[in-house]
Amino acid sequence: MSAITSIVWFRRDLRLSDHEALLAAAAEGPVLPLFILDPVTDAALSGAQRLRLKASLIVLAADLKAAGSRLILRRGEALATLLTLIAESGARAVRWTRLTDGPSIARDTRVKAALKAQGVTAESHGGLTLLDPWRLKTGAGAPYRVFTPFLRALTQETVAAPLPRVRLAAPEGGIASEDIERWRLDAPMGPAAPALADRFRPGEAAARDRLDEWLDGPAARYPEDRDRLDRPEAGTGLSDHLALGEISPRTIWAALDRAGGAAGPEAVRRQLVWRDFAHSLLFHDPEMERENWRREWAAFPWRGENDDAERWRRGETGVDVIDAAMRELWATGRMHNRARMLVASYLTKHLLTHWRIGAEWFRETLIDWDPANNAMGWQWVAGSGPDAAPFFRIFNPETQAGRFDPDGAYRDHWLTGAGAETFRAMSPKDWRKAAHDERPAPMIGLKAGRERALEAWARMREKTGAVSAEG
DNA sequence: GTTGACTTGCT
DNA sequence: GCAAGTCAA
């Protein structure tokens with residue numbers, strides 16, 4: 001037992017390995033690990049990920065205990081809580097891992113300035129992404145707006161090797177922690193909570209096990225199976241671990257590197273670069289969680305909240321693959337990446353509904369929700385985001401289903417099979433009647449919906465004056 | 001100013 | 001095969 005030197009403020013970095021802030025703090029003396037349920041964190045967290053976070057914090061607390069330390073949980077405004085803990089513990093420094101979303105950056109900037117004004121060392125550290133989000137710039141000195149050049153630029157750089165697991169000294173006793181049960185993080189999911197919690201394995205050790213499992217098996221078949229809706233085991237299954245930082249992207253990167261250029265691991269590396277790209281985009285445009293990344297898209301005649309959107313959320317659109325995917329989302333807190341593109345395309349194009357409404361539903365339902373990935377993904381599909389050629393890309397759900405769920409196993413599972421039963425059992429009361437009914441008729445034909453979206457796009461082009469026939 | 005290139009698509 | 005558009009060099 002010795003006097004505490006630094007506080008490590010955990011947020012989306014719930015791990016003990018490859019943790020810069022923790023390692024730097026431990027090198028200076030005894031550490032007080034702290035998680036704060038503050039208003040900014042609270043506002044961003046929604047149903048399923050709240051539950052996921054609770055599970056992760058319980059494992060982190062156990063891991064810290066096993067390492068001879070302990071996790072302190074507090075609820076309250078971030079700065080006030082930190083100042084209280086500094087007073088209680090005598091800490092002289094606070095360290096954390098930087099985030100890239102606007103609200104977090106705003107909060108952390110305020111906290112850092114206030115702590116420094118009090119003579120406390122306040123320092124943020126990298127590790128959320130492979131490279132810091134400001135690192136890669138185009139020849140003109142601007143942030144990249146297109147993925148491929150970003151990928152090429154990142155390939156030229158060296159991604160740092162993961163840092164070793166921290167060794168902690170036991171902190172002084174007497175600092176009280178709150179009881180996580182009293183935070184009621186599972187409350188928003190209601191009766192669905194236990195079934196949902198049964199489906200994930202939280203924590204750093206589980207994340208590493210999953211990575212090893214994937215490398216030993218599914219990795220070899222990943223190039224052929226990754227797009228198959230009916231082969232969910234093909235994916236790495238690391239997204240929820242990554243979203244809460246139970247494993248670091250650099251750790252995954254290094255493990256994939258050891259696979260020596262095999263096609264599967266290389267394809268997943270590319271996915272990690274997409275993640276870095278998303279964080280870089282959000283860092284440079286903090287508004288993009290809510291505003292069109294291409295601001296001229298304000299002229300697009302998207303509909304706001306509407307009955308079709310509610311049917312989309314409940315999986316009652318009448319388009320089989322869309323409804324299957326939306327039920328999977330509700331029942332598991334996950335959705336296949338390709339299914340995400342399909343449901344996003346259907347909502348924003350066929351149903352002409354604003355991507356923000358879809359993005360908000362993903363925030364509420366995904367256990368792997370991440371502000372940067374969510375914002376970029378939705379805007380990429382909607383057409384308001386990065387990457388050119390948006391209107392080459394109105395997905396035909398039936399064509400897609402035929403290609404990536406050829407036997408209909410995925411659709412059957414969620415529409416009539418065991419998945420459908422699970423979904424009914426986990427659904428709110430007012431959803432259940434419809435879930436038992438016959439399949440509803442689609443709200444708009446696939447062809448008519450596509451044409452309507454193309455017309456809306458053409459109208460926007462006229463309005464914004466960006467007419468290609470100009471030259 | 002020109003040109004090659006573009007994660008997941010379409011008919 | 002084509003591409004309603006844009007970016008990076």
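Letters go in sequence order (proteins before strands), and every chain restarts at 1. Quick note: numbers below take in every heavy atom, side chains included, and nothing from hydrogens, waters or symmetry partners.
The distance between atom CD of A:Glu224 and atom P of B:dT8, rounded to the nearest whole Å, is 18 Å. In this structure, A:Phe395 atom CZ and B:dC10 atom C1' are separated by 11 Å, rounded to whole Å. Computed from coordinates, the A:Leu151 CG to C:dC7 P distance equals 19 Å when rounded to whole Å. Distance A:Tyr346 OH to B:dT8 P: 24 Å, rounded to the nearest Å. Rounding to whole angstrom units, CD of residue A:Glu398 and P of B:dG9 are separated by 16 Å. In this structure, CG of A:Leu342 is placed 10 Å from C1' of B:dT8, rounded to the nearest angstrom. Atom CZ in A:Arg275 sits roughly 20 Å away from atom C1' in B:dT8 (whole-Å rounding). Rounded to an integer number of Å, the gap from CZ of A:Arg294 to C1' of C:dG5 is 8 Å.
Counting non-hydrogen atoms under 4.0 angstrom, A:Arg270 reaches the backbone sugars and phosphates but no base. Among the heavy atoms of the strands, none lies under 4.0 Å from A:Arg340. Base contact: A:Gln271 has a heavy atom under 4.0 Å from a base atom.
The backbone N or O of A:Leu99 sits nowhere less than 3.5 Å from a side-chain atom of A:Ser104 that would complete a donor-acceptor pair. In this structure, A:Glu246 contributes its side chain and A:Asp240 its backbone to no donor-acceptor pair below 3.5 Å.
Closest approach to the A:Arg461 side chain among C:dT6, C:dA9, B:dG9 is made by C:dT6 (side chain taken as heavy atoms from C-beta onward). If you check C:dC7, B:dC10, B:dT8 against the side chain of A:Asn396, the one that comes closest is B:dC10. Here C:dA9 is the nucleotide among C:dA9, B:dT7, B:dC10 with the atom lying nearest to any side-chain atom of A:Tyr144. Here C:dA8 is the nucleotide among B:dT8, B:dC10, C:dA8 with the atom lying nearest to any side-chain atom of A:Val146. For A:Trp274, whose side chain is taken as the heavy atoms from C-beta onward, the closest listed nucleotide among B:dT7, C:dA4, B:dG9 is B:dT7.
Distance noted for atom C1' between B:dT3 and B:dT7: 22 Å (whole Å). Between the P atoms of B:dA5 and B:dG1, the separation comes to 22 Å (whole Å). The C1' atoms of C:dC7 and C:dA3 are separated by 16 Å, rounded to the nearest whole Å.
Judged by distance alone with a 3.5 Å cut-off, no donor-acceptor contact links the side chain of A:Trp380 to the base of B:dT7.
An OP1 or OP2 oxygen of C:dC7 is reached within less than 4.0 angstrom by a side-chain nitrogen or oxygen of A:Arg145. An OP1 or OP2 oxygen of B:dC10 is reached within less than 4.0 angstrom by a side-chain nitrogen or oxygen of A:Gln400. Checking the phosphate oxygens (OP1, OP2) of B:dT7, a side-chain nitrogen or oxygen of A:Thr148 falls inside 4.0 Å. For A:Arg459, no side-chain nitrogen or oxygen approaches OP1 or OP2 of C:dA4 to under 4.0 Å.
Nucleotide C:dC7 forms a pair with B:dG4, judged by Watson-Crick or G-U wobble geometry with both contacts under 3.5 Å.
A:Trp414 and A:Asp320 share no side-chain donor-acceptor pair at under 3.5 Å.
Aromatic pair A:Trp96/A:Trp9: centroids less than 6.0 angstrom apart. Taking the six-membered ring for Trp and the full ring otherwise, A:Trp369 and A:Phe362 have centroids separated by 6.0 Å or more.
Evaluation of A:Phe147 against the base of B:dC6 yields no stacking contact (centre distance < 5.5 Å, interplanar angle < 30° required).
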key: Stepwise side-chain contact (heavy atoms from CB on, under 4.5 Å) check, A:His125 with A:Asp13   = CA-CA 11 Å; A:His125 297 261; A:Asp13 52 354; over 6 Å; no

